**Student:** 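Here you go, one structure.
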Amino acid sequence: MAKKKSAKLKARLPRGFVDRGPAELLAMEQMISVIKQTYELYGFEPVETPMFEYTDALGKFLPDQDRPNAGVFSLQDDDEQWMSLRYDLTAPLARHVAENFESLPKPYRSYRAGYVFRNEKPGPGRFRQFMQFDADTIGAPSVSADAEICMMASDTMERLGISRGDYVIRVNNRKVLDGVMEVIGLAGDEHAETRLTVLRAVDKLDRLGVEGVKLLLGEGRKDASGDFTKGAGLGDAEADKVLAFVEAGGETTDQTIENLRGLIADSKTGAEGVEELATMGKLFDAAGYTDGRVLIDPSVVRGLEYYTGPVYEAELTFEVKDEKGRPVRFGSVGGGGRYDGLVSRFMSQPVPSTGFSVGVSRLMAALTTLGKLGQEEIAGPVVVCVMDKDIDSIAHYQAMVQELRTAGIRAEMYQGNPKQFGKQLQYADKRNSPCAIIQGSQEREQGEVQIKDLIEGKRLSAEIEDNKTWRESRPAQFAVKRDELVAEVKKLLSAQEEDRENN
RNA sequence: GCAGACGUAGCUCAGUUGGUUAGAGCGUCGGAUUGUGGCUCCGAAGGUCGGUGGUUCGAAUCCACUCGUCUGUACCA
């Protein structure tokens, strides 16, 4: 019985989520496998945690604890405990480590990839479900662990095909940022709010420029739509100090370190941070990563809440044009830092930790634009056409398909309605099949099959205008003995392969 | 969250000062051609004009609210 049309269910994707097709899935698999190889090479081992955690295990860093639904997807279990979908891979790892602390080797070096969920306003290229790929060293207090992760991040970028110079790993230290705050008189709990505002302003340097940041440090700033953002309310002298610090990056690491030493000599915490950066700088230098791959940059601000020491960010530096010809910068595709407090909130002992997270979904968009991913067409299966519909003939077609499969050739028999032969070739064409196999009663009597080269045929179709000629000439089609089917298809496939490589 | 712009077929868009049955191109499906992909021609399906309420003899068109999309901004663990 036909329902009223208006009552029919509307097929629709939830806001901020996407379906992925074969090309994208293949590209993602390739990418994940490269990252995995890199992390493995550095001695990290895999681990998986579930999508759900109890909200309080994630909850310490929720923006607003009174509303577990703000920013995260949460639900109540049947025992009324709040659970949430993970919004990153670090908090779940901290829980896993705390829970299995006795049995894990220390330092514990692990990696994992997975989808994370954020219940917030989606935008173009920004979804409510996306993939991250993290590596973490837990139980290692020295900044050499941080330095190692920065170098691994750099290796990962290059193994993914991003050229040296098209990306940079920028490194800073939270203690240095804290030192600057001390110097301008913002130490102490009563200034926590202002410190946050200052850090947020600094974080926008790449987008708003020095002038914009200066406005945000002072009274505030109006955006293009006329909306006003309140500033930190610093005086000119303080604002200039912050800006001087942000622009302290010099030609060389040594110079940057010297600049920083001069700016925050009065702060003990700041000095400590500078020395940590100096140590990391030496390690990068010794390993040869100071050739533009890894850079000490005082303007990096990340993870305002839980980072306690070095912080780093992987940034793409090249520009591309979008479909409207406007320049688009991909910017940050990953980041991380030291989070000495995250595991220990479950424990009675300190557990110094550091880690890095790659934004897989975002990086994939960048790589696709660069042409490093998703370029190759996905080859379809060889399609065996159904000419005769009696059960014996079908069995013969099935046998051909099985022979091809046994030889490792992707193949299928047409499973649609075989009434119209043209539809079968249309289907094969749409699947991007390399060739179709045709055997009607005429061929069967001769002990032959027809192989139709669909790639070559497509090329020839440009030269034929008349439909009658097109149909009768049967372009790019040839007969072979039934026994030689597999060998001939193999031959055709390798010829096509060679053709692709030459173009 | 805040501010602005925009919502008409699967997609891209027309639609006059408010006036009969809301159109086109592309795509989809069917046929010309039940043994050959492309081209060409013919035909069909596809719309509560984002939703609700209001003004009016009459609303895709005007008004209010609401939902959605985009842009900027805020937040981003």
Side-chain angles (χ1 to χ4, degrees), chain A residues 4-8 10-12 14-16 55 58-65 70-72 84 86-92 94 116-124 126 128 130 132 196-197 200-201 203-204 207-208 212 216 220-230 301-307 324 326 332 335 337 339 342 357 359 383 385-389 417-433 435-436 438-443 450 452-477:
Chain A
K4 270 193 77 174
K5 261 177 270 172
S6 56
K8 208 162 235 172
K10 177 152 175 96
R12 61 204 178 108
R15 185 167 71 96
T55 301
L58 307 170
K60 185 174 180 193
F61 302 105
L62 283 179
D64 183 350
Q65 279 227 265
V72 298
S84 298
R86 62 189 180 196
Y87 52 76
D88 71 10
L89 297 176
T90 310
V116 300
F117 302 84
R118 296 188 185 178
N119 189 4
E120 58 191 6
K121 177 183 151 186
R126 185 174 166 158
R128 298 207 285 175
F130 56 94
Q132 293 192 333
L196 261 184
T197 311
R200 285 168 188 163
D203 199 24
K204 293 177 179 64
R207 199 149 43 86
L208 303 179
L216 283 175
R221 176 182 174 274
K222 255 190 190 145
D223 70 36
S225 67
D227 203 21
F228 185 73
T229 308
K230 195 170 180 302
V301 182
R302 277 193 65 83
L304 304 166
E305 294 300 322
Y306 68 53
Y307 290 122
K324 288 171 190 154
R326 294 175 306 194
S332 173
Y339 49 95
L342 200 50
S357 175
V383 171
C385 298
V386 175
M387 302 286 297
D388 301 318
K389 284 148 276 182
N417 181 356
K419 204 176 85 185
Q420 282 187 80
F421 181 55
K423 294 275 173 245
Q424 304 194 33
L425 287 175
Q426 269 175 26
Y427 169 81
D429 194 42
K430 205 162 201 170
R431 290 294 305 276
N432 202 18
S433 297
C435 63
I438 303 161
Q439 190 194 51
S441 49
Q442 293 160 32
E443 286 84 5
Q450 299 271 346
K452 190 177 186 69
D453 180 342
L454 294 170
I455 310 290
E456 176 69 4
K458 192 174 286 179
R459 209 181 53 73
L460 290 175
S461 79
E463 295 160 16
I464 302 171
E465 277 160 31
D466 173 52
N467 191 40
K468 201 164 172 138
T469 319
W470 168 249
R471 298 185 130 216
E472 284 172 0
S473 67
R474 298 184 178 178
Q477 186 171 330

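Computed from a prediction, not measured in an experiment: that's the story for all the values here. In what follows, chains are A, B, ... by sequence order, proteins preceding strands, each numbered from 1.
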**Student:** Which pair of non-hydrogen atoms, one from A:Y307 and one from A:R302, has the smallest distance, and what is that distance?
**Tutor:**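 For A:Y307 and A:R302, the tightest heavy-atom pair comes out as CD1-O, 3.4 Å.
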**Student:** More 5' along RNA chain B: A:P475 or A:K419, using each one's nearest nucleotide?
**Tutor:**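 Per heavy-atom nearest nucleotide, the more 5' residue is A:K419.
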**Student:** Quick one: A:D453 CG to B:G38 P, roughly how many Å, whole number?
**Tutor:**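 So the two atoms are 16 Å apart, to the nearest Å.
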**Student:** Given the rule in the side chain to side chain contact (heavy atoms under 4.5 Å, CB included) test, do A:R126 and A:K121 qualify, once you have shown the distances and angles that lead to the verdict?
**Tutor:** CA-CA 9 Å; A:R126 185 174 166 158; A:K121 177 183 151 186; over 6 Å; no
**Student:** For B:G7, which nucleotide in any strand shown is its Watson-Crick or wobble partner with both distances under 3.5 Å?
**Tutor:**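 Here B:G7 is engaged in a pair, and the nucleotide opposite it is B:C67.
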**Student:** Taking CZ from A:R207 and P from B:U73, how many angstroms apart are they, rounded to a whole number?
**Tutor:**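 These atoms are roughly 5 Å apart.
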**Student:** Going by purine N1 to pyrimidine N3 plus the second Watson-Crick contact, or the G-U wobble pair, all under 3.5 Å, which nucleotide sits opposite B:G35?
**Tutor:**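 WC or wobble partner does not exist here.
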**Student:** Just to be sure I understand the rule, does A:L460 reach a base, reach only the sugar-phosphate, or reach nothing, if contact means heavy atoms closer than 4.0 Å?
**Tutor:** nothing
**Student:** From C-beta outward on A:K430, which listed nucleotide comes closest to its side chain: B:G37, B:U28, B:G31?
**Tutor:**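 That would be B:U28.
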**Student:** Can you tell which of B:G37, B:G68, B:C76 lies closest to the side chain of A:R118?
**Tutor:**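 Within the option list, the nearest is B:C76.
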**Student:** Does A:W470 make a side-chain N or O approach to OP1 or OP2 of B:U36 shorter than 4.0 Å?
**Tutor:** no
**Student:** Which one, B:G37, B:C76, B:G1, comes nearest to the side chain of A:K121?
**Tutor:**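 Closest nucleotide among those given: B:G1.
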**Student:** Calculate the interatomic distance between A:R459 atom CZ and B:G37 atom C1'; express it in whole Å.
**Tutor:** 15 Å
**Student:** Less than 4.5 Å apart, side chain to side chain, heavy atoms only: is that true for A:C435 and A:I455?
**Tutor:**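 Counting from C-beta outward, A:C435 and A:I455 never come under 4.5 Å.
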**Student:** Which of the following nucleotides, B:A74, B:C75, B:G37, is nearest to the side chain of A:R200?
**Tutor:** B:C75
**Student:** Can you check the A:N467 CG to B:C42 P distance for me, whole Å?
**Tutor:** 15 Å
**Student:** Using a distance-only criterion (donor-acceptor N/O pair, under 3.5 Å, no hydrogens), is the base of B:G35 paired with the side chain of A:Q442?
**Tutor:**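 Per atom types, the contact qualifies.
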**Student:** If we call it a pair only when both distances are under 3.5 Å in a Watson-Crick or G-U wobble match, what pairs with B:G72?
**Tutor:** B:C2
**Student:** Of all the nucleotides listed (B:U73, B:U33, B:C75), which has the minimum atom distance to the side chain of A:L208?
**Tutor:**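 Ranking B:U73, B:U33, B:C75 by closest atom to the A:L208 side chain puts B:U73 first.
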**Student:** Quick one: are A:L216 and A:R200 in side-chain contact, heavy atoms under 4.5 Å?
**Tutor:**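 The answer is no, as the side chains (C-beta and beyond) never meet within the 4.5 Å cut-off.
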**Student:** Taking only the side-chain heavy atoms of A:I438 (C-beta and beyond), determine which of B:C2, B:A77, B:G35 contains the nearest atom.
**Tutor:** B:G35
**Student:** Are side-chain heavy atoms of A:D88 and A:S357 found at a separation under 4.5 Å?
**Tutor:** no
**Student:** With hydrogens left out and only the distance checked, is there a donor-acceptor pair under 3.5 Å joining A:E443's side chain and the base of B:G35?
**Tutor:** yes
**Student:** Need one value for A:Q426: base, sugar-phosphate or nothing, where a base atom within 4.0 Å counts as base even if backbone is also close, heavy atoms only.
**Tutor:**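 Counting heavy atoms under 4.0 Å across all strands, the contact made by A:Q426 is with sugar-phosphate only.
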**Student:** Look at the side chain of A:Y87 and decide which nucleotide, out of B:A77, B:U69, B:G38, has an atom nearest to it.
**Tutor:** B:A77
**Student:** Please determine, for the side chain of A:L425, which listed nucleotide (B:U36, B:G38, B:G30) has the closest atom?
**Tutor:**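 Selected nucleotide: B:U36.
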**Student:** Find the partner of B:U55: check Watson-Crick (N1-N3 plus N6-O4 or O6-N4) and G-U wobble (N1-O2, O6-N3) distances, both under 3.5 Å, and reply none if neither fits.
**Tutor:** none
**Student:** Could you tell me whether the side chain of A:V386 reaches within less than 4.5 Å of the side chain of A:Q424, counting heavy atoms only?
**Tutor:** yes
**Student:** What nucleic acid atoms does A:S441 come within less than 4.0 Å of, heavy atoms only: base, sugar-phosphate, or nothing?
**Tutor:** base
**Student:** Quick one: A:R15 CZ to B:C70 P, roughly how many Å, whole number?
**Tutor:** 10 Å
**Student:** Rounded to whole angstroms, how far apart are CG on A:N432 and P on B:G37?
**Tutor:**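 Atom CG in A:N432 sits about 18 Å away from atom P in B:G37.
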**Student:** Under 4.5 Å between any side-chain heavy atoms of A:P475 and A:K452, yes or no?
**Tutor:**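 SC-SC contact between A:P475 and A:K452 confirmed.
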**Student:** Measure from CD on A:Q477 to P on B:G38 and round the result to the nearest Å.
**Tutor:** 15 Å
**Student:** Check every atom of B:G68, B:G37, B:A74 against the side chain of A:R471 and return the nucleotide holding the closest atom.
**Tutor:** B:G37
**Student:** B:U40 base to A:D466 side chain: any donor-acceptor pair below 3.5 Å?
**Tutor:**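 Per atom types, no contact qualifies.
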**Student:** For the pair made of CD in A:Q424 and P in B:U34, what is the distance, rounded to whole Å?
**Tutor:** 14 Å
**Student:** Among B:G37, B:G35, B:C76, which nucleotide has an atom closest to any side-chain atom of A:R474?
**Tutor:**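 For A:R474, the side-chain atoms sit closest to B:G35.
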